[in-house]
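This is a predicted model, so every value here is computed, not measured. Below, read A as the first sequence line, B as the second, and so on, with proteins coming before strands; counting in each chain starts at 1. Below, all heavy atoms of this structure are taken into account, side chains as well, without hydrogens, waters or symmetry copies.
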Amino acid sequence: MLVQILDIDYIFTNKPILRIFGKTEDGKNICVFYDRFFPYFYVKPKQNIKETEENLQKVTEIKEIEPVEKFLPLGFHRKPDKLLRLTLLNPSDVPAVREMIAKYVDDIYEADIMFKYRFMIDHELYGMKWIDVEGTHERTTTVKVPALHATSIKPAERIGNAPFRYMAFDIECLPSDPTMPIDNRKDQIIIISIAFHPEFDNKKTIVLVAKPFKGDNVQSFVNEKDMLAEFLRLIDIYDPDVITGYNINSFDFPYLVERLRQNKLPLNLGRCDKPITSKKFGISEEFYATGRIIADPYQILKRDPWIRLSRYDLNTVSKLMLNEEKHHVEYGEMKNLWNGTKDELKRFVDYARKDAELSLKLLLEKQLMAKFFELSKISGVLLQDVFGGQTKRVETMFMHEFTKRDFVMPCAPSGAELNKRNNEREKKGLKGATVLEPEKGLHTEGCILVLDFKSLYPSLMRTYNISPDTLILDKSEKNIAELKGIKSPVGSYFVDPSIAEGIIPYQVKKLIEKRTETKKLMKKADAEEKKALNITQLALKDMANSMYGYTGYVRARLYMIDVANSITGFGRENLMKTKKLIEEEFGVKVIYADTDSAFVKTKIKDLDQAKELGDKIAAYVSERLPGFLELAFEKLYRTFIILTKKRYTGWKFEFVDNEWVDSIDMRGIETVRRDWCALVSEVMNEVINIILKEGDIQKAIDKVKDVLTKLRKGEIPLEKLTIIKGITKNIDHYDGMLPHIELARKMAKRNPQEPPKIGDRIGFVIIKGSQMLSKRAEDPSYVKKHGLQIDPDYYINNQVFPPLERIFSAVGVEKGELFGSGRQASLLGLGTKATRKHEIEIEHKKPLDNWEEFMCQKCNKTYRRMPLQGVCGCGGELLIVCNGSVGKKVVMK
DNA sequence: TGCCAGCGGGG
DNA sequence: GTGTACGCTGGCA
């Protein structure tokens, strides 16, 4: 029987029984029981093995002591070490036994590998992959799905996924006092909305209401307890594989669990009789329901490094990703809607329904799970745990390889070990990458070519065989010579790959090979397959790129600062070598370089000629770099302003599908900030555009002057001057004088019925007057009504000026010239005439401005611009593709 | 520039 | 559950 692994846990009766919750090919649920596996770990005995064994034999929990030969992973070892493998009966005894025996042994390995993972690794099982199971039907009431007592479990080849059932929910509560934080011990849940995929009983959604109410797809109850009981029942009958909902991990679940407790209702939301559990993960909690997956779109989106949004509330996210909005209900009015007319209650019900729908749509339509399915299959981590973070993924993947190679894995660092590492880090330092001091200012004479190393750190690890297990500890001349040691720029040595290929280089190689293979398959795949393969390809890249970070992460089991330092050291060395090669061979200057990229200044104004040179440089340098290192020509900037390291902007051109695509690229220069009014962003963007595209600095100055004049005359609309800040605590608890808090106090006095409360965002403008600044914050609508004047000096000096000044000073314009009255700017020898017009004719003038391209979800056709009708010619929906990854969004305006 | 405090999403 | 835990932004020195 073929089963796809969804989740695993174990129970203990008189021996441990592993329970694999999975799906069969036709989507049926099954739980596979396996009782032939026992917990074990390794110890390094003291010099006197006999004595160590005698001591260990006294520990009754240890059932078996077996001598084994295993390789230690930190530093290169020619031979395996003699270790002892200790087998126990009960996994939960391991922590205590580990403590107990610490004094009898020199070292302990793998004593904190969770039992289910120990089992998976030893049987070569991976999360979300398929297994071939033989066994007999098992009668049990401990799980809610049919059970199978397995006699054999083997990994199976099948790819693809079983059909999954998804359920999204959202709760609404009745706050007794909306100005106070909501209290889950008193304030009841009054509405639960649910959305299903596939449909449940021909229904896409159901809303549960804890008071009498009639409506379509609504079930009403007389009290909270009955409603909650029905919710539990619905989970069991619908039996979802994935439970989702927006921010459920830090709101809905903790709240629900407390309400279930208060009502003395059961907590077994999973597929067995265990209660739902949670663990604190930094700020938010994460919930676990055995046998099901709990996925929170909020957390997925927030942790995705490719998706950078200014806000992550459901409304913003839905608008941006689904082009849909929440129904509008203010938090403060919920109480009234609940106690109001039938129509008001209906509005509340529809509001709740929409929220559940939106969460489900996000997860399904934006395919938020797809990447995690793949990461699970690649790393071996169970789907529920793969949301957690890179460390677990990397370590689990390594564990599989370690076991194959007869290596043992160190335990995770203790508190003391962490301290030691942090101290060592302070002493030795973890030197980062090279960032060259840039040639600051405006560059317009010719194209700036940008050359990038293709996945620099993975390539370095492969090229120099950098790995914890290849680091040479015995640095005697003889030893280094025998192992053909490769010296790193920080003085570490690594074994030559002909003697031993390191675990990391090997894993990186595997990942890269698989990725190349996947990309090849993509070329001849149909649209649907292509999309899936693209996600696989990206997940592989993700894994390869997380290796470097892992070696330098203090909590890593395989943390070795010399390894991390060698990687960046080689990176610096090769970047400097690249700079030298380029400058010496081509007579051009590298005006800036950061980590893995070099910015080359040329005098070429023609895009095609520039590209030709870029390609030539890339080929020349790549040929002269060692191993797997490869430099590629990525893009060019026709005009370029660099303020400091990591802060630059340029008129970017990329050659995509035989066509030049242009946009204004900004790095590290903010045009949007929460505490800036819209005017600032607008002027910043305009100024940068004028300077880069027209080369007309005077025009940019005039633009600013014009804005300043309008500000003084009060001609700028208030909307553009409104600054928004949130109230984060009770307004009586603020000590200092903050403009938005002072305004909130004023507003509370003016309208005592609806005072601003915690969580509200207050929009304000600064008005003229003699009082201190914070007292002059005013509500824009109040300003309009009473014809008050805004304070132009504040906006000039505190808002518009500081960011603009940095740009202008970089292009050689003094502060005074922006204020000055008609005095001509001195432009660092840049005649405005000469730079006003570039010698390039641009075909499509409309810049994409951060948006790279659009890819059809259906047929995978790509567009450089959003077609007028907003969808693909084939009718398919368009995804934004950024840096080559599908569905990744860019900075929001 | 660097450090510390506080917030995020939800209702 | 063989667990123990974030990461950014803004305000201030």
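- Note on A:Leu88: nothing from the nucleic acid sits closer than 4.0 angstrom, heavy atoms only.
- Counting non-hydrogen atoms under 4.0 angstrom, A:Tyr117 reaches nothing in the nucleic acid.
- Note on A:Asp355: only backbone sugar-phosphate atoms sit closer than 4.0 angstrom, heavy atoms only; bases stay farther off.
- Backbone-only engagement by A:Tyr312 is indicated by non-hydrogen atom pairs under 4.0 Å involving sugar-phosphate atoms exclusively.
- With sequence neighbours excluded, no residue forms a ring pair (Phe, Tyr, Trp, His ring centres under 6.0 Å) with A:Phe348.
- Looking at heavy-atom distances under 4.0 Å, A:Leu314 makes contact with sugar-phosphate atoms alone, never a base.
- Rounded to an integer number of Å, the gap from A:Arg259 CZ to B:dG11 P is 17 Å.
- Using a 4.0 Å heavy-atom cutoff across all strands shown, A:Pro175 reaches no nucleic acid atom at all.
- Between atom NZ of residue A:Lys319 and atom CG of residue A:Leu358 there is a gap of 12.0 Å, rounded to the nearest 0.5 Å.
- OP1 or OP2 of B:dG11 has not a single side-chain nitrogen or oxygen of A:Tyr246 nearer than 4.0 Å.
- In this structure, the CD1 atom of A:Ile307 is 17 Å from the P atom of C:dG7, given to the nearest Å.
- Of the residues near DNA chain B, A:Tyr298 and A:Lys326, the one whose nearest nucleotide (by heavy atom distance) lies more toward the 5' end is A:Tyr298.
- We find that CD of A:Glu333 is positioned 13 Å from C1' of B:dG11, with the value rounded to whole Å.
- The side chain of A:Arg98 lies closest to C:dG3 when the candidates are C:dG1, C:dG3, B:dG9.
- Here A:Phe38 lies out of heavy-atom contact (under 4.0 Å) with every strand.
- When rounded to the nearest whole Å, the span between CZ of A:Phe287 and P of C:dA5 equals 19 Å.
- B:dG11 has its base stacked against the ring of A:Tyr331, the centroids being under 5.5 angstrom apart at an interplanar angle below 30°.
- In this structure, the CD atom of A:Glu286 is 12 Å from the P atom of C:dC6, given to the nearest Å.
- The separation between A:Asp7 atom CG and C:dG1 atom C1' is 13 Å, rounded to whole Å.
- If you take atom C1' in C:dA5 and the same atom in B:dG11, they sit 26 Å apart, rounded to whole Å.
- For the P atom pair drawn from C:dG7 and B:dG9, the interatomic distance equals 16 Å after rounding to whole Å.
- Residue A:Lys335 is out of contact with every strand shown, counting any heavy-atom pair closer than 4.0 Å.
- Nearest to the side chain of A:Arg555, among B:dG11, C:dA5, B:dG9, sits C:dA5.
- Here the options are A:Tyr255, A:Phe251, A:Phe253, the test is ring-ring contact (aromatic ring centres under 6.0 Å, His included), and the partner is A:Phe287; only A:Phe253 passes.
- Note on A:Arg303: nothing from the nucleic acid sits closer than 4.0 angstrom, heavy atoms only.
- Note: A:Ile20 CD1 to A:Tyr34 OH = 9.0 Å, rounded to the nearest 0.5 Å.
- Contact record, A:Glu224 with A:Ile189: OE2-N, 2.7 Å, taken as the closest heavy-atom pair.
- Counting to the nearest Å, the C1' atom of C:dG3 and the OH atom of A:Tyr288 are 9 Å from each other.
- A:Asp313 comes within 4.0 angstrom of sugar-phosphate atoms only, judged by non-hydrogen atoms across all strands, and of no base.
- Atom CG of A:Asn315 is separated from atom C1' of B:dG10 by 14 Å (rounded to the nearest Å).
- Take A:Gln299 and apply the side-chain contact (heavy atoms from CB on, under 4.5 Å) test, not counting sequence neighbours, and it matches A:Asn249, A:Ser284, A:Glu286, A:Asp296, A:Arg303.
- No engagement by A:Asn249 is indicated, since no non-hydrogen atom pair under 4.0 Å with the nucleic acid exists.
- Residue A:Lys302 places its side chain closer to B:dG9 than to any other of B:dG11, B:dG9, C:dG1.
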Under the side-chain hydrogen bond (donor to acceptor under 3.5 Å, both in side chains) rule, what do A:Glu395 and A:Tyr550 come out as? Steps first, then yes or no, please. CA-CA 9 Å; A:Glu395 281 179 349; A:Tyr550 176 80; 2.5 Å; yes
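- The nearest heavy atom of DNA chain C to A:Val94 and to A:Leu418 marks one nucleotide each, and the one closer to the 5' end goes with A:Val94.
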